[in-house]
Amino acid sequence: MSDQSQYVLPTDSPVSLLDCKAAFGLLTDREKLYAHYLSQASWYGGLIVLLQTSPESPGIFVLLQKLFQAQSPKHLEQAATAAPDGPSEEEFQALMVYAAGFYSNMGNYKSFGDTKFIPGLPVEKFKATVWSSAAYTADPAGTEKLWTAVSGPLYSLTNREKQLGLGDKGITTYFSQNCDLKDAEIAQKFLDEQKISPYNTRLFKTTEGYEVRLASSATSESPVEGMKDDVQFPSGQIDGANFTVKRGDYAPLMEKVVHNLKLAKSYAANPSEEKMLTEYARSFTIGSIDAHKDGSRHWIQDKGPIVESYIGFIESYRDPFGVRGEFEGFVAMVNKQMSAKFASLVGAAEDLLPLLPWPAEYEKDRFLRPDFTSLDILTFGGSGIPAGINIPNYDDIRQSEGFKNVSLGNVLNAQYASDSPDKVTFLGPKDREIFMKYKVPSFEVQVGLHELLGHGSGKLFKKEADGTFNFDAENVKHTETGEKISSWYQAGETWDSKFPVISSSYEECRAECVGIYLSPNPQVLKIFGHEGQEAEDIMYINWLNMVRAGVVALEFYTPQTTAWRQAHMWARFVILQVLLEAGEDFVTVTQTQGQDGKPDIMITMDRGKILTVGKPAIGAFLRKLQVYKSTADYPSAKAMYDKYSLVSEEGSHKWLTLRDVVLARKQPRKMFVQVNTTVKDNKVDMQEYEATTAGLIQSFADRFPKEAGVEKIVAELWEKDRPYFS
């Protein structure tokens with residue numbers, strides 16, 4: 001297998017429709033209009049991800065839109081394959097898969113794994129397709145100029161370009177090309193000192209010093225008329241380096257987001273939604289994270305909405321330094337039947353929290369009962385669609401004011417329900433059979449526990465600006481040393497800033513551990529409708545799935561940079577290591593020969609030892625995860641996490657060799673086709689598309705019609721950024 005083949009999406013990559021027709025049909029006309037304008041805000045905001053991913057992603061987007069807005073995929077295929085030097089049908093299909101993958105990831109790096117992918121057809125065949133297109137016929141000079149600009153980076157695979165990263169470890173556009181880890185650390189000192197959240201920022205190093213860019217539709221430092229504008233633009237020096245703060249990053253796209261949020265506000269169902277959208281619009285206008293926090297506070301208070309949504313710079317997984325948020329926005333309808341189960345889990349939370357393996361002093365003073373709903377996604381604008389979400393990510397709000405949990409039901413069904421048994425690697429026949437039967441219900445249990453009691457649990461020990469503590473500093477003892485607590489968060493410090501690089505994976509690991517630790521609980525399983533042997537099987541598959549995911553996670557490790565590229569998979573490998581360390585043949589991972597004669601892997605778990613070996617091991621590890629997080633003890637946390645993250649050939653498991661097997665047998669990730677909504681005569685219509693690469697591509701061509709001017713906006717923003725990445 002050539003190295004390059006790992007960077008090409010397989011032509012048999014599965015595509016599924018995110019079905020939400022029934023749920024959308026139950027909305028009133030007013031609710032549909034609310035959902036439509038929120039969807040528009042999410043889609044326009046999602047384009048920001050192009051500028052957060054790679055230098056070439058905006059240009060590739062403009063090229064693809066130009067091609068597929070000029071003619072349908074079918075007509076382009078007819079023209080291209082008929083050309084004398086055009087692609088074969090198989091080569092054209094490779095181009096379709098590339099385009100669908102690009103749209104699905106909102107860039108040319110995988111949202112789940114952060115590796116670059118390139119077209120699976122020769123560059124001259126891609127060029128022949130472009131030259132045979134209606135787009136080229138209509139604008140040969142413009143199309144050729146665009147192709148010349150993107151064709152090189154489209155295919156380039158230098159070691160640095162193979163994955164996202166900072167400095168010589170990879171590609172990022174959160175930082176200008178001349179930045180490295182040291183620059184990120186210096187910038188964080190400045191941001192902390194000035195009490196500026198990094199969530200909506202990028203960092204550019206110029207000859208004059210560092211420029212911190214705030215995402216906003218406003219482009220000047222002058223206060224915006226008609227709204228509270230308290231954004232400050234401090235300048236100063238840190239370690240001899242000059243810093244300035246400017247706003248206006250992504251301004252034209254932010255303006256479209258704000259415009260649609262204001263339109264949605266006219267159809268809000270209650271004052272909480274109105275205030276929420278007012279603050280979101282203010283945040284995106286002036287570049288204020290404080291305003292977004294205020295909007296999130298109103299969002300938390302919007303209990304049980306018919307149409308649920310969230311939007312902003314949310315997850316920090318793809319910032320190599322782990323503190324800057326990627327833009328995303330979603331709109332969804334509530335699935336009442338599944339939501340009732342999650343509501344029951346919320347009701348039981350105060351009985352379940354004391355079962356977690358840390359003293360009560362390490363738990364929040366009061367459990368803030370959140371909304372927990374199952375949603376059918378109408379729109380998800382961003383780089384990828386998760387199965388569950390716990391938000392907001394602002395720890396100061398989550399700790400003292402509350403949060404919401406959502407499980408994305410139609411995503412779960414589309415992702416897992418249609419897989420065939422031969423796609424389930426590394427399990428024996430009996431385990432594979434049970435896995436296929438119970439993977440969806442077991443994952444629903446895991447998502448529920450992970451989001452509610454994983455991300456929703458645990459206290460951060462803080463020393464406030466006035467010198468007071470939010471815990472009993474005299475009497476609370478460290479669980480591992482028995483000594484008094486000697487470290488905590490200072491005023492202004494956050495979890496993300498205190499635990500750079502590892503924070504996202506570490507927190508996902510903590511939440512995953514909570515999920516498997518509590519999943520054997522009969523009360524939990526009964527809430528989800530499982531009792532008797534079925535409950536036992538679901539609990540077993542939940543644990544087995546975690547171990548299998550830990551092996552599959554090797555795909556997301558890069559030996560050349562010794563870096564993990566995906567927070568959740570990194571976490572699952574760590575959990576696998578903890579369970580292997582527990583010994584007693586509870587879990588085994590063995591290299592074998594497959595039925596096809598090629599190297600394979602066999603995973604086994606002794607289900608009779610889950611409670612006696614597995615759960616105690618996870619409990620001890622989970623306690624340390626929480627205690628180090630509570631006490632802001634980054635050195636201890638990092639040392640422990642690094643130990644379990646190590647991928648080497650030493651020891652009883654040859655992980656680098658096993659990684660080669662995982663790569664050889666990896667399965668393509670599913671892509672999702674989403675619907676579009678349009679308004680005519682104040683009525684909303686929903687357009688579905690076929691679950692094919694052509695359907696997915698057509699949905700994007702229709703989503704941003706020419707009259708919206710999106711290609712021009714993206715192209716201009718691309719040109720503005722290019723000098724910083726060349």
Contact summary for [X] and [Y], nearest pair of heavy atoms:
X      : Y      : result
Tyr689 : Gly695 : CB-O, 3.7 Å
Val411 : Pro386 : CG1-O, 3.6 Å
Ile300 : Gly402 : CD1-O, 3.2 Å
Leu525 : Pro520 : CD1-O, 4.1 Å
Ala94  : Thr11  : CA-CG2, 4.0 Å
Ala41  : Val257 : O-CG2, 3.6 Å

Looking at [X] and [Y], does any basic side-chain N land under 4.0 Å from a carboxylate oxygen?
X      : Y      : value
Arg565 : Asp114 : no
Arg607 : Glu536 : no
Asp596 : Arg665 : yes
Arg548 : Asp431 : no
Glu512 : Arg572 : yes

Report yes if some heavy atom in the side chain of [X] is under 4.5 Å from a heavy atom in the side chain of [Y]; otherwise report no.
X      : Y      : value
Glu326 : Ile314 : no
Leu449 : Val524 : yes
Lys303 : Lys404 : no
Phe426 : Val589 : no
Tyr557 : Gln566 : no
Val574 : Ser505 : no
Val710 : Phe61  : yes
Asn393 : Asp496 : no

[X] [atom1] to [Y] [atom2] distance, which is reported to the nearest 0.5 Å:
X      : Y      : atom1 : atom2 : result
Thr115 : Lys110 : OG1   : NZ    : 4.0 Å
Lys615 : Cys513 : NZ    : SG    : 13.0 Å
Ile48  : Thr53  : CD1   : OG1   : 11.5 Å
Phe102 : Leu9   : CZ    : CG    : 12.0 Å
Asp685 : Thr677 : CG    : OG1   : 9.5 Å
Leu544 : Asp537 : CG    : CG    : 11.5 Å

Is there a donor-acceptor pair under 3.5 Å between the side chain of [X] and the backbone N or O of [Y]?
X      : Y      : value
Gln52  : Leu47  : no
His36  : Tyr34  : no
Ser316 : Asp319 : no
Ser309 : Val331 : no
Gln674 : Phe380 : yes
Ser407 : Gly409 : no
Asp606 : Phe586 : no
Ser72  : Phe68  : no

Pi-cation contact, Phe435 with Arg432 (under 6.0 Å, within 45°):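 No - Arg432 does not lie over the ring of Phe435 by the 6.0 Å and 45° rule.
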
Check each of Tyr98, Tyr7, Tyr109 against Phe117 using the ring pair (Phe, Tyr, Trp, His ring centres under 6.0 Å) test, and report the only one that passes.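 Answer to the ring pair (Phe, Tyr, Trp, His ring centres under 6.0 Å) test with Phe117 among Tyr98, Tyr7, Tyr109: Tyr98.
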
Which residue, Glu451, His450, Glu507, forms the side chain to side chain contact (heavy atoms under 4.5 Å, CB included) with Asn390?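 Looking at Glu451, His450, Glu507, the match for Asn390 under the side chain to side chain contact (heavy atoms under 4.5 Å, CB included) is Glu451.
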
Quick check: are there more than 12 heavy atoms from other residues, nucleotides or ligands sitting under 6.0 Å from CD of Gln337?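 No, the 6.0 Å shell around CD holds no more than 12 heavy atoms from other groups.
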
How about CD on Gln687, more than 12 heavy atoms from neighbouring residues, nucleotides or ligands closer than 6.0 Å, or not?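 More than 12 within 6.0 Å, yes.
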
For [X] and [Y], which I'm curious about, is there any donor-acceptor pair between the side chains at under 3.5 Å?
X      : Y      : result
Arg510 : Ser457 : yes
Lys666 : Gln6   : yes
Ser383 : Asn105 : no
Thr379 : Ser39  : yes
His653 : Gln591 : no
Tyr103 : Ser699 : no
Ser57  : Asn108 : yes

Ring centres under 6.0 angstrom apart ([X], [Y]):
X      : Y      : value
Trp299 : Tyr310 : yes
Tyr506 : Trp495 : yes
Phe573 : Phe556 : no
Tyr199 : Phe313 : no
Tyr540 : Tyr438 : no

Could you please spell out the steps behind the side chain to side chain contact (heavy atoms under 4.5 Å, CB included) verdict for Trp655 and Leu554? CA-CA 8 Å; Trp655 292 118; Leu554 290 165; 3.8 Å; yes

Run the numbers on Asn676 and Met686 for side chain to side chain contact (heavy atoms under 4.5 Å, CB included), then give the verdict. CA-CA 6 Å; Asn676 282 325; Met686 188 182 81; over 6 Å; no

Let me see the working for Ile389 and Phe330 under side chain to side chain contact (heavy atoms under 4.5 Å, CB included), right down to the final yes or no. CA-CA 11 Å; Ile389 317 173; Phe330 75 81; 3.9 Å; yes

Decide yes or no on side chain to side chain donor-acceptor pair (under 3.5 Å) for Thr604 and Thr588, but give the supporting numbers first. CA-CA 5 Å; Thr604 68; Thr588 67; 2.3 Å; yes

Are Trp564 and Val647 close enough, and set up right, to give a side chain to side chain contact (heavy atoms under 4.5 Å, CB included), and what steps lead you there? CA-CA 10 Å; Trp564 286 93; Val647 178; 3.4 Å; yes

Relative to the ring of Phe528, is the ring of His530 parallel (under 30°), tilted (30 to 60°) or perpendicular (over 60°)?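 Correct class here is parallel.
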
